[in-house]
Peer 1: 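Handing you this structure, nothing more for now.
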Amino acid sequence: MNTELVVPPLAELRLRRSVKWRAFPEDVLPLFVAEMDYELAPPVSEVLHAAVTRGDLGYHAPGPEVGKAFSGFAGRQWGWDVDPARVRPVTDVGVGVVEVLRQLIRHGEPVVISPPIYQPFFDWVPEAGGRVLEVPLRGTRLDLAGLEAAFATHPAAYLLCNPHNPVGRVHTADELAELVRLARLYRVPIISDEIHAPLALPGATFTPLLTVPRAADVAIAVVSASKAFNLAGLKCAALVTAGPAMTRVVDGLFTEVGERTGHLGALATIAAFTDGDAWLATLISTLAARREQLGALLAAELPALGWVPPEATYLAWLDASALGRDEQPRDHFLHEARVALEPGPRFGAPGSGFVRLNYATSPEILTEAVRRMSAAVSR
Ligand SMILES: Cc1ncc(COP(=O)(O)O)c(C=O)c1O
């Protein structure tokens with residue numbers, strides 16, 4: 001049996017029309033945006049092919065299927081008992097977060113985030129009418145004392161990223177329990193972006209926030225199959241609640257918000273969450289192998305770069321500050337190595353001098369990228 005997922009040849013990858021393969025000229029290896037190079041999970045591609053063959057490309061039909069599929073998946077993966085009736089499909093994670101924030105923010109109120117963090121968090125808050133209040137991570141950990149001081153000022157919400165993009169940290173059950181204690185004490189709702197949850201790598205245990213005792217009173221989770229199954233273009237995610245107060249917040253959304261879910265996205269999500277476990281297990285061992293390979297390559301060829309191996313995701317947060325500050329390392333690697341990485345400052349001020357590298361690719365492409373980066377450093 002194949003223990004690693006297959007990556008199509010580079011020439012075939014370049015035929016893809018998503019942003020990963022369209023943003024840069026052909027001589028650039030694109031390791032920036034969070035899209036994977038692997039072939040789709042067979043249950044997902046079967047359901048999509050069947051829909052296209054039938055001409056089944058109409059509107060998403062609201063129904064219980066996404067909820068049931070996610071509930072089954074969450075139970076098998078994490079022992080999380082999800083009520084399917086409290087899973088509400090939305091267009092994508094961004095739409096889910098913004099629409100919930102609109103319910104929680106009275107004009108101009110702050111929403112707390114912990115940079116370095118997924119860049120759109122900085123935009124989603126003002127999009128929903130709020131302003132960002134930053135409590136940076138301490139290293140790769142939540143700054144719980146800093147969060148308490150911020151929560152004491154009664155912000156409209158805290159936007160959690162678990163697992164955390166870009167540092168790849170899986171917050172522990174103890175950290176999350178303390179976070180919930182603070183949120184309850186100061187009455188701060190938590191929106192937990194758990195899009196990377198299925199991507200916890202060997203050695204890490206993901207804790208869904210809503211499994212933390214009493215979190216249901218203050219938390220809403222936003223989940224999606226899109227990162228782990230590479231479905232970002234299909235537009236389907238879901239809001240999950242577990243208690244009456246937070247369910248009322250979600251019930252306050254216009255019905256239209258749910259109706260904007262992508263039909264193909266919902267079909268693919270149901271297939272992924274129902275029949276995708278075996279493929280996902282192979283993905284996880286593939287990513288674990290790439291993470292190890294990247295560590296070995298960095299040690300041998302790019303010792304100037306520092307990193308803490310991620311506990312989840314396929315994103316490596318590399319400290320390249322020895323090579324320059326702000327976006328200089330990213331610019332150098334793009335121009336001199338022809339390797340496209342995400343510039344650290346996109347994730348907030350603590351990202352100065354960092355780059356984020358997506359290693360969800362083949363061993364050959366990863367080797368070639370590090371070889372080029374290494375040659376560019378000595379240039
Ligand atoms: C933490 C995080 N949240 C949300 C998203 C985007 O999700 P969506 O496309 O469903 O809005 C990403 C994409 O990489 C992400 O890393």
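In each ligand, atom 1 is the first atom listed, and ligand 1 is the first ligand listed. No experiment lies behind these values; they were computed from the predicted model shown.
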Peer 1: Any protein N/O atoms within less than 3.5 Å of an N/O atom in ligand 1? List the atom names and distances, or say none.
Peer 2:
unit_1	atom_1	unit_2	atom_2	d
ligand 1	3 (N)	Asp193	OD2	2.5
ligand 1	10 (O)	Val93	N	2.8
ligand 1	11 (O)	Val93	N	3.3
ligand 1	11 (O)	Gly94	N	2.9
ligand 1	14 (O)	Lys227	NZ	3.1
ligand 1	16 (O)	Asn165	ND2	2.8
ligand 1	16 (O)	His196	NE2	2.7

Peer 1: Just distance, no hydrogens or angles: give the donor-acceptor pairs under 3.5 Å from side chains in residues 42-51, sequence neighbours left out.
Peer 2:
unit_1	atom_1	unit_2	atom_2	d
Ser45	OG	Pro42	O	3.4
His49	ND1	Ser45	O	3.0

Peer 1: Does the gap between the ring centers of Phe70 and Phe273 come in under 6.0 Å?
Peer 2: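 Yes.
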Peer 1: Atom CG in Leu31, atom NZ in Lys20: separation rounded to 0.5 Å?
Peer 2: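 Atom-to-atom, Leu31:CG and Lys20:NZ are 6.0 Å apart.
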Peer 1: With rounding to the nearest 0.5 Å, note down the distance linking CG in Asp275 to CD1 in Ile270.
Peer 2: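 That separation rounds to 11.0 Å.
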Peer 1: Parallel, tilted or perpendicular: which fits the ring planes of Phe354 and Trp317, with parallel below 30° and perpendicular above 60°?
Peer 2: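 If you compare the ring of Phe354 with that of Trp317, the planes turn out parallel.
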Peer 1: For the side-chain hydrogen bond (donor to acceptor under 3.5 Å, both in side chains) test, which of Glu301, Gln293, Arg372 pairs with Thr367?
Peer 2: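 That would be Gln293; it is the only one of Glu301, Gln293, Arg372 passing the side-chain hydrogen bond (donor to acceptor under 3.5 Å, both in side chains) with Thr367.
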